[in-house]
Amino acid sequence: MLKVEGLCASVEGKAILKGLTLDIGPGEVHAIMGPNGSGKSTFGHVLSGRPGYEVTAGSALLDGKDLFDLETEERAQSGLFLAFQYPVEIPGVSNMEFLKASVDAVRAAQGLEPYDNVGFMKRAREACTAVNLSHDFLKRGVNEGFSGGEKKRNELMQMMLLEPKLAILDETDSGLDIDALQVVAAGVNAMRSPDRSFIVVTHYQRLLDYIEPDFVHVLAGGKIVRSGGKELALELESKGYAWLEGAA
Amino acid sequence: MANEHINAVIEREYTPGFTTNIESDTLPPGLDESVIRTISARKDEPEWLLEWRLAAYQKWQAMSPPAWAKVHYPEIDPNSISYYSAPKSMADKPKSLDEVDPELLATYEKLGIPLHEQAMLAGVAVDAVFDSVSVATTFRENLAEAGVIFCSISEAAREYPELVRKYLGSVVPVTDNYYAALNSAVYSDGSFVYIPKGVRCPMELSTYFRINESKTGQFERTLIIADEASHVSYLEGCTAPMRDENQLHAAVVELIALDDAEIKYSTVQNWYPGDAEGKGGIYNFVTKRGVAHHRAKISWTQVETGSAVTWKYPSCVLKGDDSIGEFYSVALTHNHQQADTGTKMIHLGRNTKSTIISKGISAGQSSNAYRGLVRMSPRAHGARNYTQCDSLLIGDRCAAHTFPYIESKQPSAVIEHEATTSKVSDDQLYLCQQRGIDPEKAVSMIVNGFCKEVFKELPMEFAMEAGKLLEVSLEGSVG
């Protein structure tokens, strides 16, 4: 599904990723952990094409398609979704209007007709219910005045409607209380399927109690220094990252 | 990054920029008494109106253009402008649409304003003004049944002299400002509306202003009188061909809302803004003001996307007790456009209320200023004003300014002023793009969201048009 090789990237001239290689098969869930500043969030943004994030070497293929040949919106249209750590507000643009524009654009790229308004409204309401957001959120401005937890659930709701091939969750667990965490995890688990893969970026093992990963990778100094199964997360929880950082 | 995107979106095409090739009767450039006499004669005006014009001309000569606005442009030589231009075919005053030059009708057709009633938007009557004359006014019979008068102001001066004489210059005095005085001396055409007592005007009234001829100015004059307890909604639209020269448009609009009457006045202004380098475009220097008597309401809504320079403050004099004034504005500037626009709310009566919602959007290297006055007179017990003034910046070479003036001589009056300035941020664009939305669509969505509170005040057909107009205006602002 996703094949990343020797990826090097810099932000404002500073090298952050220094030869990252990762292979993700269909239906797999990969957790990426690592200390602060190791490049975890950068990795997600480089894949999704954040302006200002420069790829200096390496490649990333999504279903054989070179992501770096595509504009940011084309990557999204190809099925890449990034749940933001800090989603921004867009005042005055209703969540509903934003979602419809988003889903229509992604469907159009796939040669599909846009949903009719009534049908779409129904789906959007179902997605809200699934992440325990009141339907009123559809009428409010995008992330406008949402609490931290509401923003995260709003991201998840968008993921459900967009049905991506590859979803990257960038510290979706940060700032969530335990109840919200369970809601988010249940949402992700419900989305798991043999043809959808996940990259779960997190600091804490806690999230992985609820979203069970197939693989755990430790990112340090801009590359993956250790990979393993879910037991690696437990090991990190008890030993911290320091013993691995030498390996970078 | 966002700036590159934005700049590409704003390379816009000005679709109404075509020229109509038509034979015109145009006065040579220059202004003196004989020009005024000629204009008055062409319009078969009564003697008192000519006298009124000449008196205005006398006063104007001693006045100078206002210099306080935050706009810069080379001095305009009043003698370089032609003050009257009319299609030759209009000289015989066609009695019906069938007698109107098909070339003129085609022009309006092309602008999306078909003048044949069967093709028109149901429920909207149109007065079409081409350079200095009114070409046609539609649905007049239907309106007459309700007692509503809707015609060109030239015709009104002949047919309804007592109304025109009573109210012309009663809201905007001849000496109000340099451009108002000039307009009073040389105004050529415009619309006249009278709604009788207790009548709710059965359709939207609208005027479409078109400047065609080069080196001419357009000086239109609009007078709307809503008699007691009547109601009217009026819309105006404006376009002009693309030309390298700057053309002057100096209009005066006067509204009179008598006791318990309501006037809603909406403008979608899309004069030619000049090219990307700031060459050409209309100078839009307009005086608009209304007087609201007891319990009357005047509501201004404007969407300003065109013109090289805009200088415009649609205002309300809240004369009667419990009268209401409203001002909703979206002003978008791009490339080298400059706008200094806002309103004046003059609270004279008791318990008068006013609301000001202003949304300024600056892109390119443009400058956009809100200038507003709220004045509470000593009599204005219990008066209230709420002002909200938001600026949105697109890119990093434009400017937004806010100049609020607040004067209160009545301790019980309440005045609220809120202001914000924000930017279309890289992060907002990135969020949209990450969700599959292309950056042009994203910018127009963000801008439309920003303007929502104003657009919802426009009549439905205009709200759609305004949204589309913003999309076109912002084309090339991202890329």
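Sequence lines set the chain letters: A, B, ... in the order given, protein chains first and strands last, and positions in each chain run from 1. Quantities reported herein were computed from a predicted structural model and do not represent experimental measurements.
When heavy atoms are compared at a cutoff of 4.5 Å, Arg50(A) approaches chain B by way of both its backbone and its side chain. In this structure, the portion of Gln158(A) lying under 4.5 Å from any heavy atom of chain B is its side chain and not its backbone. Interface remark: Leu80(A) contributes backbone and side-chain atoms alike to the contact with chain B (heavy atom separation under 4.5 Å). Asn143(A) touches chain B through its side chain: at least one heavy atom from C-beta onward sits under 4.5 Å away, while N, CA, C and O do not. Proximity to chain B is limited to the side chain of Leu162(A), based on heavy atoms less than 4.5 angstrom apart.
Residue-level contacts of residues 56-68 of chain A with chain B do not occur; threshold 4.5 Å between heavy atoms.
Side chains of Asp426(B) and Pro51(A) form no contact here, defined as non-hydrogen atoms less than 4.5 Å apart. In this structure, the side chains of Leu431(B) and Ile90(A) come closer than 4.5 Å at one or more pairs of heavy atoms. The side-chain heavy atoms of Val88(A) and Tyr430(B), taken from C-beta on, include no pair separated by under 4.5 Å. The closest side-chain heavy-atom distance from Pro91(A) to Gln428(B) is below 4.5 Å. Contact annotation: the side chain of Asp427(B) never approaches that of Tyr86(A) to less than 4.5 Å [non-hydrogen atoms, C-beta and beyond].
The structure places OG of Ser422(B) at 11.0 Å from CD of Glu89(A), a figure rounded to the nearest 0.5 Å.
The two atoms that bring Ala76(A) and Gly436(B) nearest to each other are CB-N, 3.4 Å, heavy atoms only. Nearest approach of Arg435(B) to Ser102(A), heavy atoms of both residues: O-OG, 2.8 Å.
The backbone N or O of Gln433(B) lies less than 3.5 Å from no partner atom in the side chain of Thr72(A), so there is not a single donor-acceptor pair.
When each of Gln434(B), Met445(B), Glu453(B) is checked for heavy-atom pairs under 4.5 Å with chain A, Gln434(B) comes out on top. No other option in Ala109(A), Pro87(A), Gly92(A) has as many heavy-atom pairs under 4.5 Å with chain B as Gly92(A).
Annotation for Gln110(A): atom CD counts as buried by contact number, over 12 foreign heavy atoms lying within 6.0 Å. Within a 6.0 Å sphere centred on NZ of Lys3(A), heavy atoms belonging to other residues, nucleotides or ligands number 12 at most. More than 12 heavy atoms of other residues, nucleotides or ligands sit less than 6.0 Å from atom CZ of Arg140(A).
With respect to the salt-bridge test (charged N to carboxylate O, under 4.0 angstrom), the residues Glu73(A) and Lys441(B) do not qualify.
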